[in-house]
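Following: one structure in structure tokens, then a few remarks.
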Number of protein chains: 2
Amino acid sequence: MQPKVTIYDVANAANVSMATVSRVMNRNPKVKQETKERVLKVIHDLNYHPNAVAQGLASKKTTTIGVILPDLANDYFANLAVGIDDIALMYNYNIIIANSSEDTEKENKIVDNLLAKQVDGIIYMGRDQTEHFQKSTKDNGTAVVLAGSVDQEGTPSVNINYRKAICDATSFFLKQKQKVALVINDKNYSINSDYRIPGYQDALKKYGVSFDPNLIFEYRDNNSISNPMLQDIYDSDATAAVVYSDDVAIMLLNKGFQLGKSIPDDFQIITSNNTVVTKYARPMISSISQPLYDIGAVAMRILTKIMNNEKVQDKQVFLDYDIIHRGSTRI
Amino acid sequence: MQPKVTIYDVANAANVSMATVSRVMNRNPKVKQETKERVLKVIHDLNYHPNAVAQGLASKKTTTIGVILPDLANDYFANLAVGIDDIALMYNYNIIIANSSEDTEKENKIVDNLLAKQVDGIIYMGRDQTEHFQKSTKDNGTAVVLAGSVDQEGTPSVNINYRKAICDATSFFLKQKQKVALVINDKNYSINSDYRIPGYQDALKKYGVSFDPNLIFEYRDNNSISNPMLQDIYDSDATAAVVYSDDVAIMLLNKGFQLGKSIPDDFQIITSNNTVVTKYARPMISSISQPLYDIGAVAMRILTKIMNNEKVQDKQVFLDYDIIHRGSTRI
DNA sequence: CTGAAAGCGCTTACAG
DNA sequence: CTGAAAGCGCTTACAG
């Protein structure tokens with residue numbers, strides 16, 4: 001274990017003050033070229049690496065941001081996180097990632113931890129933000145951007161236009177005169193109440209089909225093919241489904257196979273996240289394609305702007321989506 | 001934005017010194033009960049949250065650890081990360097996660113960042129550690145634990161016994177007199193040269209089958225069903241394959257389907273990581289089952305011990321694995 | 001262009 | 001059991 005070399009050692013060896021070393025490190029332009037070179041050489045020779053914790057305390061900037069997400073093991077969030085991480089590294093930020101597990105108590109603890117560590121900003125993903133999160137970040141003046149999560153109170157966010165995407169997927173089926181089921185998680189989450197269900201209804205209205213609440217399925221709990229909800233969908237009038245999650249879509253597909261249904265002949269499916277599993281299924285599953293990496297990347301980019309007090313053009317950014325047709329839909 | 005309340009404000013309001021407030025926060029037992037309660041009340045009333053950056057500078061402990069992994073979007077690493085994160089939170093650590101993308105230059109930058117931020121330890125995953133990583137962590141005296149990655153130089157690690165697991169999987173096929181292909185990534189990675197290939201050879205020896213190097217396939221690049229390697233496997237003598245990655249196993253399965261092979265009748269597959277995709281495939285893929293969450297969790301637990309200078313029993317921890325037979329093998 | 005000094009918000013011997 | 005003071009390793013006005 002080598003002795004730690006501090007800014008003080010560099011200053012001594014280079015015959016300048018700590019302030020000058022600091023200026024060189026921070027690329028302050030008003031340092032004489034000659035001095036700068038001398039300091040740079042000493043920095044290199046001594047293999048000096050500034051202590052970011054001390055920098056953080058003195059400058060009140062930690063170049064660390066927090067990322068709160070429901071589940072890192074979920075491909076959807078993991079892909080967003082990769083986009084965030086790449087841009088973060090590019091702008092010299094590090095990310096503290098924490099799984100909220102959609103558990104409010106755990107999330108509160110995470111938020112407290114993150115703020116105690118003086119993160120410069122937070123990217124939040126998942127369902128609706130908790131009150132504690134909103135209050136704490138506001139009190140601390142911490143920059144927040146939502147990624148792949150809907151906005152409740154004017155917080156900047158990056159998403160696709162869920163309402164329009166669900167409307168498009170539903171319309172695709174309605175054009176074929178299918179009875180369309182909408183499979184979501186909790187009806188009360190804003191993303192469902194404010195975007196998915198209205199989008200579904202937009203499509204119905206466009207095609208003059210009346211809304212049947214029995215065709216909205218709330219998928220919950222038991223995350224396996226034995227979840228009775230899957231059976232219920234096939235037992236209903238529906239001949240097609242727009243599904244909010246790829247995992248659920250795959251299970252719906254496999255359940256159909258188990259029941260002897262032919263997909264897409266007897267039943268069609270469009271899912272929402274286009275994660276890699278859609279391509280692993282047989283038939284491959286048609287999906288709304290979201291630019292996950294980009295959503296994360298753009299969210300991080302916006303966060304850097306907010307942290308630098310730069311102007312942010314649009315608070316709500318909608319990135320383009322596509323609907324990719326594979327084996328689970330008939331064209 | 002609320003004014004920040006510091007330890008100084010608390011000390012003032014409670015009529016004690018900062019030192020006493022600090023002692024209360026750190027649960028130092030030698031504080032009079034009465035004083036302690038008074039301070040606690042003020043802390044609560046003022047909603048005081050200590051600044052972890054200042055604590056870090058003063059105590060030289062940041063309660064933050066770094067996690068370096070090749071790809072967060074890979075289910076295998078994501079699951080390890082979840083185990084790490086859970087235990088980290090339990091011991092009040094936060095984790096800075098960084099994607100190395102298996103890019104040496106990027107990884108070096110990450111290592112420098114992490115050490116500059118004075119992380120108390122690092123959990124490393126992925127292929128062989130770089131020299132820069134080894135040297136820097138050693139010079140800094142930073143604790144390191146490997147998770148799901150093999151040990152090169154006595155660094156503590158948590159794994160399953162890959163050699164034995166591959167031997168078991170291979171033996172399963174040899175018992176049926178199959179010709180077994182071993183599908184790996186780069187032969188030169190220690191995990192392949194020191195564990196997987198020897199394990200495969202152990203099985204051959206046990207069954208008196210001679211080693212045929214043409215049955216070792218190095219999968220690279222083009223990560224899709226069109227990768228010619230997949231075709232090569234079916235074109236070889238092999239009637240079964242032990243595969244190092246679930247993604248590759250699925251593609252191998254789907255390739256077989258494309259070629260009109262029946263799995264498991266014409267060809268059998270055992271994969272290595274038992275991630276969720278194995279259950280999404282049809283037939284579902286048999287797999288070595290690694291306790292990914294546990295590997296991450298145990299690695300983090302060991303790291304906490306090292307950081308606390310506690311004794312660590314075994315430097316190399318092997319967790320139990322299983323082989324789970326599903327539709328891609330014949331029993 | 002450069003330095004001296006205060007300050008960031010804590011912890012930790014040391015002394016009592 | 002408690003306080004005064006030094007120190008952690010930087011940055012940042014301020015002065016020159």
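No hydrogens, no waters, no symmetry mates; every other heavy atom, side chains included, goes into these values. Letters A, B, ... mirror the listed sequences (proteins, then strands); counts begin at 1.
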First of Q33(A) and A19(A) reached from the 5' end of DNA chain C, by closest nucleotide
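Looking at the nearest nucleotide for each, Q33(A) comes out on the 5' side.
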For L72(B) against A78(B), the heavy-atom pair lying closest together
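The answer is O-CB, 3.6 Å.
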Return the value, rounded to whole Å, for the distance between atom [atom1] of [X] and atom [atom2] of [N].
X       : N       : atom1 : atom2 : value
N140(B) : dG9(D)  : CG    : P     : 13 Å
R23(B)  : dC10(C) : CZ    : P     : 16 Å
N15(A)  : dT2(C)  : CG    : P     : 12 Å
L57(A)  : dC10(D) : CG    : C1'   : 8 Å
I7(A)   : dG7(C)  : CD1   : P     : 19 Å
R38(A)  : dC1(C)  : CZ    : C1'   : 12 Å
M18(B)  : dT12(C) : CE    : P     : 12 Å
K60(B)  : dT12(C) : NZ    : P     : 11 Å

Ignoring backbone atoms, test whether [X] places a side-chain nitrogen or oxygen under 4.0 Å from the OP1 or OP2 oxygen of [N].
X      : N       : result
T35(B) : dT2(D)  : yes
S17(B) : dG3(D)  : yes
T20(A) : dT2(C)  : no
Y48(A) : dC10(D) : yes

[X] has a side chain; which of [options] sits nearest to it?
X      : options                  : result
Q55(B) : dG3(D), dT11(D), dT11(C) : dT11(C)
N51(B) : dT2(D), dC1(C), dG9(C)   : dG9(C)
V31(A) : dT2(C), dC10(C), dC10(D) : dT2(C)
A58(A) : dC8(C), dA13(C), dG3(C)  : dC8(C)

Using a 6.0 Å cut-off, check whether atom CG of D320(B) has over 12 heavy atoms from anything other than its own residue.
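Check fails, neighbour count at 12 or below.
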Looking at every strand, decide which applies to [X] at a 4.0 Å heavy-atom threshold: base, sugar-phosphate, or nothing.
X      : value
K30(B) : base
V53(A) : nothing
S22(B) : base
M25(B) : nothing

Residues K109(B) and D103(B) bridged, charged N to O under 4.0 Å:
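Judged by the 4.0 Å cut-off on N to carboxylate O distance, K109(B) and D103(B) do not form a salt bridge.
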Thinking salt bridges, do K117(B) and D112(B) make one under a 4.0 Å N-O criterion?
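Not counted as a salt bridge, because no side-chain N and carboxylate O are separated by less than 4.0 Å.
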May I ask you to decide if V24(B)'s main-chain N or O and N28(B)'s side chain share a donor-acceptor pair within less than 3.5 Å?
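Pair absent, no side-chain N/O of N28(B) close to backbone of V24(B).
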Hunt down the Watson-Crick or G-U wobble partner of dA13(C), both distances under 3.5 Å, from any strand shown, or write none.
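Pairing partner, where one exists within any strand: none, as none qualifies.
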Just wondering, do Y93(B) and T62(B) contact through their side chains at under 4.5 Å, heavy atoms?
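Heavy-atom side-chain distance check fails, nothing below 4.5 Å.
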